[in-house]
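Just below is one structure, and these are the notes that go with it.
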Amino acid sequence: MGSRLGRMGRKLGEWIPPGVAQILAEGFGRPAAVFFHGVEPVTLDSDVQVNHHEAPVFRAIMAELQRNFDVLPVTLLDEALCHPEHHRRTVFLMSDDGYANTLSTAAPILEELELPWTLFVSTHHIDTRDRNPVFLARLFFCCMPAGRYEVPHLPALELEGPETREAMTQAGTACLHGLDMDRANEAVAAMVKALEQAGLASLIERFSSESFLTWPQVRELKRRGVEIGAHAHWHWPLNAAQTAAQLREQARRPRQRIEAEIGPCRYFAYPFGNTGDVSRAGWQAVRDAGYEAAFTTVTGTPEVEQNRFLLPRYGIGPDETHLASLIPLLSAGNRRLMRWQKELAA
Ligand SMILES: [Zn+2]
């Protein structure tokens, strides 16, 4: 979420009156894909619960989406890619990770507004209910008492007062992202061990927003019409730091688990999904695992000539108030997207 182009588009969107946005969409609109993560009735700490919209805000954003666009199921992706002139107002709505609150809070809102959506789940977290590694790292950086900490595979960490914590969190999570999943797992396990002495149980309880769905709950969403896709097995980037075996596992295993528990799994969304989070070997592993298409979080609009395993999506901001004006501008990201796709070409 929050590429420079996305932020610029958001700013521009604020200045375009809705009537003009309508004309823009009718003349230049392209099918678009947008996504959110979780939806909570109320969030307690926006530094920690970065992935969750508050329900009233989410409802308003979704109502705006419903008024201004045709939200269609992702199974119509090929039809939209082949006939974009018939899909100027088409939007595909998606949710990443598989938080429990997508069933309790998001689904009723989306059902009331009759908006179809796709849920991408990270299957290790549905299997085990283990929290997202980046959430655990955020807890470590935000909540551990000030002091010096040794974490495997990371430089020595000096945690200070609250004013430097956000910068530490950014730098620390960036370092983690540069590790392959086994090393990252060891680093996160050490953070969890330290957090256990600092009251992890009460933090987990306080931030129940971060709990994942169970398989019966994913089945319930499927029964209610939600398309279920894969978001890797462990919630980790498919970037250049990963080995070929790790990439294969991250691409194949979630499809096998979803097909065993739910049914056909046709689509994939990359965890984090920005340009640094997907390598050439990463998208090829996803292609080879048998998916029909895969989505990044790079800004743009999906086009038939693009690599269908590196399609763009736009992350809906926590208080996105001008989505209707913004969506018609998303195609401005396509040149950058195409340059990146060329760099990763086979
Ligand atoms: Zn994710």
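Both ligands and their constituent atoms are indexed starting at 1 by order of listing. What you see is a predicted model, and the numbers here were worked out from it, not measured in a lab.
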* Asn132 vs Glu210, side chain to side chain donor-acceptor pair (under 3.5 Å): CA-CA, chis, key distance, verdict -> CA-CA 8 Å; Asn132 187 328; Glu210 310 308 309; over 6 Å; no
* Angle subtended at the Zn ion (ligand 1) by His235 NE2 and His231 NE2, rounded to 10 degrees -> 100°
* Is it true that some N/O/S atom of Asp97, main chain or side chain, lies under 2.8 Å from the Zn ion (ligand 1)? -> yes
* N/O/S atom of His37 under 2.8 Å from the Zn ion (ligand 1), yes or no? -> no
Name the orientation class of the two ring planes belonging to [X] and [Y] (parallel below 30°, tilted from 30 to 60°, perpendicular beyond 60°).
{"X": "Tyr270", "Y": "Phe268", "answer": "perpendicular"}
{"X": "His177", "Y": "Trp236", "answer": "perpendicular"}
{"X": "Phe295", "Y": "Phe120", "answer": "tilted"}

